[in-house]
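All heavy atoms count here, side chains included; hydrogens, waters and symmetry mates do not. Just follow the structure's listing: the first ligand is 1, and inside any ligand the first atom is 1.
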Amino acid sequence: MLTFEQLATVINGVLVQFVQPLPVVHLLTDSRKLSQPAGTLFFAIKGKYNDGHQYLEQLYVQGVRQFVIEQGRAEDLRCSYPDANILQVQNALEALQALAAWHRAQFHIPVVGITGSNGKTIVKEWLAQLLSPDELVVKSPRSYNSQLGVPLSVWQLEPNHTLAIFEAGISQPGEMQKLQLIIQPTIGIFTNIGSAHNEGFSSLQQKVEEKLKLFSGVELLFYCSDYQEIHGAVEKQSIKTFTWGRNRKDADLFINSITTAGHETIVVYTYQGNTQRVSIPFTDDASIENALHCLAFLSQRGVSLAVMQDRLDKLQPIAMRLEMKEAINGCYLIDDTYNNDLGGLAIALGLLANQPRRGKRTVILSDLLESGLAEEKLYSKVAELVQAHSVERLIAIGLVISKYKSLFGLPAEFHPSTGEFLQHFSADDFRNEVILVKGARVFEFEKIVHAFQQKVHGTVLEVNLDALVHNLNYYRSRLNPGTKLMVMVKAFAYGSGSFEVANLLQFHRVDYLAVAYADEGVTLREHGITLPIMVMNPSPDSFAKIKQYNLEPEIYSLELLQALLQTAEAGAKYKIHLKLDTGMHRLGFVEEDFDALFDLLQDYPQVQVTSAFSHLAGADEALHNDFSQQQIATFRSMATEMEARLGYKVIKHILNSAGIVRFPEHQLDMARLGIGLYGVEASGSEQEALRSVSILKTTVSQVKSIKQGDTVGYSRKGIAATDMTIATIAIGYADGYDRRFSNGIGEVLINGHRCPVIGNVCMDMCMVDVTDLDVKAGDEVILFGPQLTLVELAQRIGTIPYELLTNVSTRVKRVFYAQ
Ligand SMILES: *Cc1c(COP(=O)(O)O)cnc(C)c1O
């Protein structure tokens, strides 16, 4: 095992302090993911939005004793962290990468490096699955393929592994060379090239050449020679290759034909003069391509056709998605039926540990597959992980994990199979628990998820948490480093689900949250949100609750202030936010109120003005630029006056989402992000930079044919101009599907086709025209999403996206997912 002194040479660091010899077992780059302090080495990395040095103290208190840092005076560090080993380097990320590269170099096994625009993760997972009978495979967890993810993946290499598969992803020139040095692949797979993620590259050719750098040292490179850009670029280099494809006759593995039949695809191919056929248990183009990469790989290894077919038959789709949703008896499910291996389990347990606490933390876990470890060692690691993430209840399913009962020290039950668990399943055994469901595919844990789901009608609002984070980071990138960020989670987080969104924002360390009413803030507190929360519309009778739950009221009038002061006790502290009216004419103080306002405040030193703010009435439209500038100037002058009278500084803020984009020079101390987080760029100029966050979906209940002249729905408003086919879909205005979409104003998407609404939207249903389309009961219907945008739909009925989002009724189930 690597010691700290060796580490200093490996990563070229200066020893600031060496106190005790300690093993380096776990590499930590994110303080929130600490699980086993002993043996952890923390790298204080400076990222775009964060700086690891801020968390040294907290980690030290939690027991971490080994640090790699970039800055700090040696004496101060020794004084603050007397028991810690500390190394100083120029760049902590590069140090982490150097350490991983060193670790990689200790192993002399085949290492497969995979890159390409799509399919990296699936090809990796499938190859691991296909090779698992012959090899002890280590691979990147999930899609850990970035500058940070790759070193952490490579660090998993252990002496008993016989083959490694790591994926590499880049978004800018210069990145691949670094990943190559860490992975040092001996075999390459270049999956494909598409136009996605073009941002950092000037041309497709540049992108291909950059990606090829991963393969500079490989003994063999697999790729599909039908991709001309890839083929052209590879030809210019002297890499030994294995190609497959159907366009070029010289492909090593030539594809004669691909035909789909039912649920499978038959591939006829010629390899080494023999023409053979295999069947692949998928029919979509992406899966076929991914499977053909695997076919090429296995063929080159000399795996026999019979064995290959047997293994291909067992390929399973990889659920890339992790879902979070409400379940029976107040339980909350984290549904991660992605493949179950150690790396993936550690990530999922980390997520569980970061859920705000309701009741118990429970894990339902299957046997682990595809590990390079001996069983006993594997399950003692599992037990260690479960313990480290403070799991309180374990339900283990599988014959293998059951053998190692004695390793698990917590309340646990063991079942031989999923079927056996479900036979004994009783909903009453689960109450208010956060339950992680984590099983390998063969265990069919979707049946368990199904048992836990509340009965709901088929309409769901799917919220993409990765897209939320993307949008959050986009707005952060528009702010100066020191500007604070308050995020508006009023109105059920613009319809997206309040505490889930708030929890994500807390995890990503925004500075403030804001809600409209005290009750919304109370709900957040009850779900474990500890961020400061501003309440914009506090009523006098809510002040007691506001105090009790440590919320901070917006005060917009003298009457409201007086009401608060009546409840203010002498010893306590009260934080308030003063709203100034600079032209919106909704709520807020005007300059004439100042004398009375500050006289009052003077008498109550326990009341502290934390911030002062105003709201722009037309930040999204250039038409109102002069007015906005006027509002900003008024605000600045009022705030200056206010600080002079108070005798202390307050946090000043005026920009909303559109303002952040359009008036960045006026961000002051804080900005208030709203609609932009949820994927709508209100000013319209930078919509491309945001990702769509929510998809509203329902299902087709019935399909029927009607005759020319027939009418559809209430008031017989829908009239069939010709014979037609219509579908009744399970959503109506009570779900938030606006009645103004009636009679062809609205369209929905079914199987990729736009279908106009026919007749009036009913309370719980409506009808759409599906004439000439292949639509059947049970098909999915999209009401809005990336292909049918809120902006377009709002325009059609003369409203704004805000209204469509917040109208989605609470009876519509929210499902949160991450990829
Ligand atoms: C809702 C709200 C915001 C956010 O506005 P967006 O247009 O959604 O960015 C900002 N400030 C106040 C006072 C608000 O009420």
Side-chain angles (χ1 to χ4, degrees), residues 468 471-472 474-476 478-479 483-496 498 501-502 505 510-518 520-521 532-538 551-557 560 576-589 610-622 624 627-628 631-632 634-635 638-639 651-664 666-687 689-690 693-694 790-791 794 799-807:
L468 269 177
N471 297 342
L472 174 68
Y474 172 71
Y475 283 94
R476 278 189 160 157
R478 304 296 304 249
L479 295 174
T483 307
K484 290 182 193 298
L485 189 64
M486 171 184 268
V487 181
M488 315 312 278
V489 292
K490 60 193 180 194
F492 204 49
Y494 289 48
S496 298
S498 62
V501 172
L505 294 168
V510 307
D511 300 283
Y512 253 97
L513 297 176
V515 294
Y517 296 101
E520 295 178 318
I533 300 174
M534 177 173 90
V535 178
M536 294 194 291
N537 232 326
L551 307 172
E552 303 172 15
E554 162 187 328
I555 299 294
Y556 52 80
S557 70
L560 195 62
I576 63 169
H577 301 263
L578 291 183
K579 177 75 169 283
L580 308 181
D581 184 358
T582 57
M584 173 90 172
H585 298 329
R586 189 164 67 176
L587 297 175
F589 292 99
T610 300
S611 90
F613 70 107
S614 190
H615 195 36
L616 296 175
D620 51 336
E621 289 178 287
H624 303 302
F627 189 77
S628 297
Q631 278 196 282
I632 294 168
T634 307
F635 177 68
M638 285 173 83
I651 301 172
K652 298 173 286 295
H653 45 117
I654 191 163
L655 300 185
N656 59 359
S657 307
I660 296 173
V661 171
R662 302 198 58 248
F663 305 104
H666 298 299
Q667 46 189 269
L668 305 171
D669 306 312
M670 183 155 82
R672 298 187 305 273
L673 177 60
I675 192 82
L677 180 72
Y678 308 98
V680 177
E681 205 283 280
S683 80
S685 63
E686 313 225 349
Q687 184 59 50
L690 301 185
V693 167
S694 37
L790 287 162
V791 174
T799 184
I800 47 176
Y802 299 72
E803 190 185 349
L804 295 186
L805 270 177
T806 53
N807 270 355

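Within the listing of ligand 1, atoms 1 (C), 4 (C), 5 (O), 6 (P), 8 (O) sit less than 4.0 angstrom from a heavy atom of Y494. Of all the atoms in ligand 1, the ones that sit under 4.0 Å from a non-hydrogen atom of M488 are 2 (C), 3 (C), 4 (C), 10 (C), 11 (N), 12 (C), 14 (C). Close contacts of ligand 1 with S657, meaning ligand atoms under 4.0 Å from a residue heavy atom, involve 6 (P), 9 (O). Ligand-side atoms of ligand 1 in range of M536: 13 (C), 15 (O), range being under 4.0 angstrom from any heavy atom. Remark: ligand 1 atoms within the under-4.0 Å shell around heavy atoms of G674 are 4 (C), 6 (P), 8 (O), 9 (O).
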Criterion side-chain contact (heavy atoms from CB on, under 4.5 Å) on R476 and V510, from CA distance to verdict: CA-CA 10 Å; R476 278 189 160 157; V510 307; 3.8 Å; yes

side-chain hydrogen bond (donor to acceptor under 3.5 Å, both in side chains) between H577 and T610, intermediate numbers included: CA-CA 6 Å; H577 301 263; T610 300; 4.8 Å; no

(message) Between K652 and F635, is the side-chain contact (heavy atoms from CB on, under 4.5 Å) condition met? List the steps.
(response) CA-CA 9 Å; K652 298 173 286 295; F635 177 68; 4.0 Å; yes

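Y517 OH: 12 or fewer foreign heavy atoms inside a 6.0 Å radius.
For the residue pair T582/T634, the side-chain donor-acceptor check at 3.5 Å is not satisfied.
At a heavy-atom distance under 4.0 Å, only side-chain atoms of R586, from C-beta outward, approach ligand 1.
Regarding atom 7 (O) of ligand 1, its nearest protein heavy-atom neighbour is Y802 OH, 2.6 Å. Closest protein heavy atom to atom 5 (O) of ligand 1: N656 CB, 3.6 Å. Atom 12 (C) of ligand 1 has as its closest protein heavy atom H615 CE1, 3.5 Å. Protein heavy atom closest to atom 11 (N) of ligand 1, with residue, atom name and distance, is R672 NE, 2.8 Å. Residue, atom and distance of the protein heavy atom nearest to atom 14 (C) of ligand 1 are K490 NZ, 2.9 Å.
Between the E803 side chain and the I800 main chain, no donor and acceptor come within less than 3.5 Å of each other.
Put simply, the side chain of Y512 reaches to within 4.5 Å of the side chain of E552, judged on heavy atoms. I654 has its side chain out of reach of L580: every pair of non-hydrogen atoms, C-beta onward, lies at least 4.5 Å apart. A heavy-atom distance below 4.5 Å is found between the side chains of E686 and R478. Inter-residue side-chain proximity for L505 and V489 is flagged as met; some heavy-atom pair is nearer than 4.5 Å.
Not a single N or O atom of L673, backbone or side chain, sits closer than 3.5 Å to an N or O atom of ligand 1. Here's the thing with F613: none of its N/O atoms is less than 3.5 angstrom from an N/O atom of ligand 1. For a threshold of 3.5 Å applied to N or O pairs, the pair formed by K579 and ligand 1 contains no separation below that value.
Distances from ligand 1 to the non-hydrogen atoms of H577 include no value under 4.0 Å.
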